[in-house]
2 protein chains.
Amino acid sequence: MDLATLARNLQSGDRRSLARAITLVESARKDHRAQALDLLQMLGNQKQALRIGLSGTPGVGKSTFIESFGLMLTAQAKRVAVLAVDPSSARNGGSILGDKTRMERLARDPLAFIRPSPSQAQMGGVARRTREAVALCEAAGFDIILIETVGVGQSETVVAELCDLFILLLAPAGGDELQGVKRGIMEMADLILVNKADGDLKSAAMRTCADYAGALRLLRKRPQDPPGYPKAMTVSALEQANLSLAWTEMQALAEWRRAQGHWATRRGQQAQHWFGEELRQGLLAVLQQEPTKGIVAEHGRAVAEGRTTPEAAARQVLTLLHRL
Amino acid sequence: MDLATLARNLQSGDRRSLARAITLVESARKDHRAQALDLLQMLGNQKQALRIGLSGTPGVGKSTFIESFGLMLTAQAKRVAVLAVDPSSARNGGSILGDKTRMERLARDPLAFIRPSPSQAQMGGVARRTREAVALCEAAGFDIILIETVGVGQSETVVAELCDLFILLLAPAGGDELQGVKRGIMEMADLILVNKADGDLKSAAMRTCADYAGALRLLRKRPQDPPGYPKAMTVSALEQANLSLAWTEMQALAEWRRAQGHWATRRGQQAQHWFGEELRQGLLAVLQQEPTKGIVAEHGRAVAEGRTTPEAAARQVLTLLHRL
């Protein structure tokens with residue numbers, strides 16, 4: 001199939017074409033890369049979905065939440081895409097998040113599209129692929145894109161630069177649980193959802209929620225927040241409790257930001273951020289290509305054996321590069 | 001003074017020349033940079049000090065420890081240099097660590113040299129300056145170089161790539177304190193010292209020490225460790241208790257690593273690491289220089305305003321750069 005047909009089918013909302021296009025942007029092959037860039041150019045960036053980042057450590061019930069929340073949205077005739085930024089797959093070459101088998105009902109829903117995290121050599125690569133997958137899902141006309149990640153720092157930063165709303169999903173915990181969440185991640189959150197507010201855990205969830213609501217009030221006020229935000233609330237993905245309330249909050253926040261111009265400003269800043277990242281990755285890519293790769297390896301050995309200093313070797317290689 | 005004289009005076013151990021040379025490597029001026037590289041080349045890397053990285057969050061008594069430990073070493077006729085890698089100064093432009101006023105007696109000791117952290121625009125810059133300051137201190141014949149940092153992640157990694165031994169300084173704490181130290185930092189430690197094992201805190205320090213000793217046993221065995229290491233022990237910088245025992249441990253560990261070849265291997269790996277860093281920084285430096293800087297800013301605006309995509313803009317700038 002030629003790119004123009006692929007683009008047309010994708011824009012008409014065909015999920016198989018979307019899956020194919022994502023495989024194309026995930027490919028490391030040089031010819032695929034050129035095709036991917038052409039495809040993205042063809043599709044443009046006319047359609048905007050609501051991009052929701054969802055962070056939570058393993059065990060907070062992220063898959064259950066995405067399945068319940070996603071099914072609630074598709075029941076309202078919304079089209080929902082689920083993508084994953086998985087830092088562990090970056091290291092191990094495996095993929096653990098966005099697993100379709102953990103969201104069986106949502107995966108079978110014709111209004112939903114679930115894509116596991118790509119296995120990639122490095123975080124920079126994962127970020128680029130996910131960002132391009134987001135663009136493809138928008139071109140395919142999805143209304144809501146959920147971008148899930150696991151709470152380990154670097155991947156949150158990537159997701160925050162990809163989404164319009166950042167949701168932190170937590171589990172009820174006893175006493176000292178505030179320590180477990182890094183301040184930097186708290187500061188990114190637009191909405192904190194304490195999951196598992198059901199059965200025996202209900203009162204613990206409410207206490208945890210109150211603790212986080214208190215902590216949120218202590219954070220510095222951000223210009224992108226209407227009064228009363230960021231907010232903490234309890235949900236139960238298992239019992240589908242408060243999910244529609246959470247969705248109402250998300251919509252209200254997104255609407256306010258649109259009306260105030262924060263939405264457009266933020267999307268512009270995010271685009272600039274990714275432009276800078278692409279530039280840096282592009283400049284550094286020369287180190288992985290011959291003849292530079294061989295020259296670098298040779299000088300690296302000389303440095304390791306003490307025959308030259310890191311500075312002198314770097315200066316020499318940089319001079320060579322300017323001549324190549 | 002010409003560079004050759006500066007080099008000679010520095011090598012004879014003159015502290016004022018050392019301070020001047022460090023100011024030279026810290027300078028961002030282009031002509032100073034060239035002189036700094038020439039000076040480092042002249043000095044070579046013949047002399048090796050024992051480089052000790054010391055990490056600890058504010059409040060653990062780092063300054064008191066460095067002063068007491070440093071004075072113990074100078075009393076043994078050792079020459080001691082103290083440098084600082086301060087991530088907060090990287091952000092605020094100020095310098096809080098390595099402050100001479102907090103180590104008054106050591107600062108007056110003719111066998112000691114204390115240098116506050118440079119104020120720098122970015123971590124990469126701080127790392128380079130500190131690394132070059134270490135090389136200058138070695139050329140000046142110092143026996144021991146203490147490189148202190150505050151426990152916030154990135155700066156630890158920098159220090160670990162600069163030192164032969166990595167010491168983690170902790171304060172006594174109650175109950176849950178293991179959570180406070182990131183696993184990654186625990187894994188870097190060669191020796192954990194629980195400070196403030198004096199007065200009312202003595203028994204708490206011993207409990208904390210036992211907890212960390214237990215945690216260390218659970219970590220994966222590293223090839224660079226003789227049996228029984230990494231170790232945890234209590235010290236009191238205030239009462240100068242156990243400091244000489246800690247020093248004996250450090251020497252034993254360093255000796256074993258030298259004898260087994262780990263020392264030389266590690267120094268080689270570190271040199272390679274810094275070579276890679278210098279290369280990357282050197283390649284990215286073009287983004288800060290005209291005409292590239294202006295071109296990047298212009299494309300950045302186009303990206304922010306949605307007139308082009310991050311990928312297309314990056315591709316265009318990279319193509320332009322190859323033509324320049």
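Here is the naming used below: chain letters follow the sequence lines, and residue numbers restart at 1 for every chain.
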*Sort B/Q269 into side chain, backbone, both or neither according to what part of it lies under 4.5 angstrom from a heavy atom of chain A.*
neither
_Measuring from atom CG of B/L284 to atom CG of A/L279, what distance do you get when rounded to the nearest 0.5 angstrom?_
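If I round to the nearest 0.5 Å, the distance is 9.5 Å.
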*Say you draw a straight line from CD of B/E311 to CZ of A/R131; how long is it, rounded to the nearest 0.5 Å?*
4.5 Å
Would you mind checking which part of [X] comes under 4.5 Å of any heavy atom in chain B, side chain (CB onward), backbone (N, CA, C, O), both or neither?
| X | result |
| --- | --- |
| A/V286 | side chain |
| A/E305 | neither |
| A/R315 | side chain |

Taking every heavy-atom pair that is under 4.5 Å apart, which of [options] has the most such pairs with chain A?
| options | result |
| --- | --- |
| B/A302, B/A271, B/A312 | B/A271 |
| B/G282, B/G306, B/G268 | B/G268 |
| B/L287, B/V303, B/L40, B/T308 | B/V303 |

*Can you name the closest pair of heavy atoms from A/F275 and B/V296 and give their distance?*
CE2-O, 3.5 Å
*Can you check whether B/A314's main-chain N or O pairs, donor with acceptor, with A/E278's side chain at less than 3.5 Å?*
no
_Among A/T265, A/L37, A/T309, which residue has the highest count of heavy-atom pairs closer than 4.5 Å to chain B?_
A/L37
_Partner chain B: residue of A/H299, A/H273, A/R267 with the largest heavy-atom pair count (under 4.5 Å)_ = A/H299
